[in-house]
Amino acid sequence: MENNLKSNEYNGLTLAYIGDAVYEIYIRNFIISLGYKKVNDIHKHVIEYTSALSQAKYMSLLLDKNILTDFELNLYKRGRNTHPSTTRRNVDLKIYLEATGFEALIGALYIDNNISRLEEIISLITEGGL
(Lines give C-alpha, C1' and ligand atoms only; values in the text may rest on other atoms or scores of the structure.)
Protein backbone atom coordinates (compact mmCIF):
# COMPACT_ATOMS: atom_id res chain seq x y z
CA MET A 1 0.00 0.00 0.00
CA GLU A 2 1.45 3.32 -1.07
CA ASN A 3 1.34 6.02 1.59
CA ASN A 4 2.41 9.58 0.85
CA LEU A 5 1.56 10.90 4.32
CA LYS A 6 4.04 11.19 7.17
CA SER A 7 3.58 10.59 10.87
CA ASN A 8 3.59 14.30 11.64
CA GLU A 9 0.30 14.59 9.72
CA TYR A 10 -1.52 12.34 12.22
CA ASN A 11 -2.56 12.92 15.80
CA GLY A 12 -1.34 10.60 18.56
CA LEU A 13 -4.52 8.54 18.76
CA THR A 14 -4.54 7.90 15.03
CA LEU A 15 -0.91 6.79 15.18
CA ALA A 16 -1.82 4.49 18.06
CA TYR A 17 -4.78 3.08 16.13
CA ILE A 18 -2.51 2.20 13.21
CA GLY A 19 0.27 0.99 15.51
CA ASP A 20 -2.11 -1.34 17.33
CA ALA A 21 -2.95 -3.13 14.07
CA VAL A 22 0.65 -3.26 12.85
CA TYR A 23 2.00 -4.55 16.18
CA GLU A 24 -0.76 -7.17 16.38
CA ILE A 25 0.16 -8.55 12.95
CA TYR A 26 3.86 -8.75 13.81
CA ILE A 27 3.14 -10.50 17.10
CA ARG A 28 0.67 -12.93 15.52
CA ASN A 29 3.27 -13.84 12.90
CA PHE A 30 5.87 -14.30 15.62
CA ILE A 31 3.64 -16.58 17.70
CA ILE A 32 2.67 -18.62 14.63
CA SER A 33 6.38 -18.95 13.74
CA LEU A 34 6.86 -20.65 17.10
CA GLY A 35 4.65 -23.46 15.85
CA TYR A 36 1.30 -22.66 17.44
CA LYS A 37 -1.55 -23.67 15.17
CA LYS A 38 -4.75 -23.58 17.23
CA VAL A 39 -6.42 -20.19 17.30
CA ASN A 40 -7.03 -20.32 21.06
CA ASP A 41 -3.36 -21.08 21.72
CA ILE A 42 -2.25 -18.35 19.33
CA HIS A 43 -4.58 -15.84 20.97
CA LYS A 44 -3.45 -16.76 24.48
CA HIS A 45 0.19 -16.13 23.57
CA VAL A 46 -0.49 -13.04 21.48
CA ILE A 47 -2.21 -11.22 24.34
CA GLU A 48 0.91 -11.81 26.47
CA TYR A 49 2.57 -9.29 24.12
CA THR A 50 -0.32 -7.08 23.10
CA SER A 51 -2.17 -6.32 26.34
CA ALA A 52 -1.94 -2.73 27.53
CA LEU A 53 0.01 -3.90 30.57
CA SER A 54 2.55 -5.72 28.37
CA GLN A 55 2.90 -2.80 25.98
CA ALA A 56 3.46 -0.40 28.89
CA LYS A 57 6.08 -2.78 30.31
CA TYR A 58 7.94 -2.99 26.99
CA MET A 59 7.78 0.77 26.60
CA SER A 60 9.21 1.21 30.07
CA LEU A 61 12.08 -1.12 29.20
CA LEU A 62 12.77 0.75 25.95
CA LEU A 63 12.91 3.99 27.94
CA ASP A 64 15.00 2.58 30.79
CA LYS A 65 17.57 1.17 28.38
CA ASN A 66 17.71 4.42 26.41
CA ILE A 67 17.01 2.61 23.15
CA LEU A 68 14.85 5.28 21.51
CA THR A 69 16.08 8.24 19.52
CA ASP A 70 14.84 11.71 20.48
CA PHE A 71 12.46 11.60 17.50
CA GLU A 72 11.05 8.24 18.62
CA LEU A 73 10.70 9.48 22.19
CA ASN A 74 8.67 12.42 20.92
CA LEU A 75 6.44 10.05 18.94
CA TYR A 76 5.83 8.03 22.11
CA LYS A 77 4.99 11.19 24.04
CA ARG A 78 2.54 12.32 21.35
CA GLY A 79 0.59 9.13 21.86
CA ARG A 80 0.96 9.04 25.64
CA ASN A 81 -0.14 12.63 26.10
CA THR A 82 -3.39 12.29 24.17
CA HIS A 83 -6.70 12.55 25.91
CA PRO A 84 -8.72 9.51 24.87
CA SER A 85 -12.49 9.84 24.92
CA THR A 86 -12.76 6.34 26.37
CA THR A 87 -10.51 4.05 28.35
CA ARG A 88 -10.63 0.41 29.23
CA ARG A 89 -12.33 -0.48 32.48
CA ASN A 90 -9.76 -3.10 33.47
CA VAL A 91 -6.67 -0.95 32.85
CA ASP A 92 -5.26 1.87 34.95
CA LEU A 93 -5.20 5.19 33.03
CA LYS A 94 -1.41 5.54 33.39
CA ILE A 95 -0.86 2.06 31.89
CA TYR A 96 -3.39 2.79 29.15
CA LEU A 97 -1.62 6.02 28.16
CA GLU A 98 1.82 4.37 28.18
CA ALA A 99 0.47 1.60 25.94
CA THR A 100 -1.11 4.22 23.67
CA GLY A 101 2.29 5.92 23.42
CA PHE A 102 3.91 2.60 22.53
CA GLU A 103 1.31 1.99 19.81
CA ALA A 104 1.78 5.53 18.48
CA LEU A 105 5.52 4.90 18.16
CA ILE A 106 4.88 1.67 16.24
CA GLY A 107 2.28 3.38 14.04
CA ALA A 108 4.56 6.30 13.23
CA LEU A 109 7.47 4.04 12.30
CA TYR A 110 5.14 2.15 9.99
CA ILE A 111 3.65 5.28 8.39
CA ASP A 112 7.11 6.75 7.87
CA ASN A 113 8.12 3.47 6.21
CA ASN A 114 10.89 2.97 8.77
CA ILE A 115 10.30 -0.77 8.71
CA SER A 116 13.84 -1.75 9.68
CA ARG A 117 13.60 0.26 12.92
CA LEU A 118 10.07 -1.01 13.56
CA GLU A 119 11.27 -4.60 13.18
CA GLU A 120 14.34 -3.90 15.31
CA ILE A 121 12.16 -2.72 18.21
CA ILE A 122 9.75 -5.62 17.85
CA SER A 123 12.69 -8.06 17.72
CA LEU A 124 14.01 -6.66 20.98
CA ILE A 125 10.63 -7.47 22.50
CA THR A 126 10.10 -10.91 20.97
CA GLU A 127 13.65 -12.12 21.33
CA GLY A 128 14.04 -10.99 24.93
CA GLY A 129 16.57 -8.29 24.14
CA LEU A 130 15.02 -5.94 26.65
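- Remark: side-chain polar atoms of T100 are paired, donor with acceptor, to backbone N or O of Y96 under 3.5 angstrom.
- For residues 120-130, the pairs satisfying side chain to side chain donor-acceptor pair (under 3.5 Å) are R117-E120, with sequence neighbours left out.
- Side-chain contact between I121 and L68 is present, with at least one heavy-atom pair separated by less than 4.5 Å.
- Using a 4.5 Å cut-off on side-chain heavy atoms (C-beta onward), T69 and E72 make contact.
- In this structure, the side chain of N81 engages the main chain of K77 through a donor-acceptor pair within 3.5 Å.
- Contact annotation: the side chain of E98 never approaches that of Q55 to less than 4.5 Å [non-hydrogen atoms, C-beta and beyond].
- Evaluation of the side chain to side chain contact (heavy atoms under 4.5 Å, CB included) rule for I42 yields I31, I32, Y36, V46 as partners, not counting sequence neighbours.
- Distance alone, capped at 3.5 Å, places no donor-acceptor pair between the D20 side chain and the E103 backbone.
- Not a single side-chain hydrogen bond (donor to acceptor under 3.5 Å, both in side chains) links Y17 to another residue, sequence neighbours left out.
- Checking side-chain atoms of S51 against main-chain N and O of E48 turns up no donor-acceptor pair under 3.5 Å.
- Here salt bridge (Lys or Arg N to Asp or Glu O under 4.0 Å) pairs that include residues 32-44, with residues two or more places apart or in two chains, number zero.
- Screening V22, L15, L105 for a side chain to side chain contact (heavy atoms under 4.5 Å, CB included) involving Y110 leaves a single residue, V22.
- Considering only heavy atoms from C-beta on, F71 stays 4.5 Å or farther from N74 through its side chain.
- Hydrophobic clustering (ILVMFWY, side-chain heavy atoms < 4.5 Å, transitive): I47 and V39 are in distinct clusters.
- What you find for S7 and A108 is that their closest heavy atoms are CB-CB, 3.6 Å.
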Contacts under 3.5 angstrom, residues 56-66 side chains, donor-acceptor by atom type, not counting sequence neighbours:
from	atom 1	to	atom 2	distance (Å)
K65	NZ	L130	O	3.4

Side-chain donor-acceptor contacts of residues 23-30 below 3.5 Å, not counting sequence neighbours, with atom names and distances?
from	atom 1	to	atom 2	distance (Å)
Y23	OH	Y49	O	3.0
E24	OE2	R28	NE	3.0
E24	OE2	R28	NH2	3.2
Y26	OH	E119	OE2	2.9
N29	ND2	I25	O	3.4

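- Remark: T14 engages N11 in a side-chain hydrogen bond (donor to acceptor under 3.5 Å, both in side chains) (not counting sequence neighbours).
- Note that the CD1 atom of I115 and the CG atom of D112 stand 9.5 Å from one another [nearest 0.5 Å].
- Contacts classified as ring-ring contact (aromatic ring centres under 6.0 Å, His included) and involving residues 111-130 (residues at least two apart or in different chains) are not found.
- The two residues A52 and A99 come nearest to each other via the heavy atoms O-CB, 3.6 Å.
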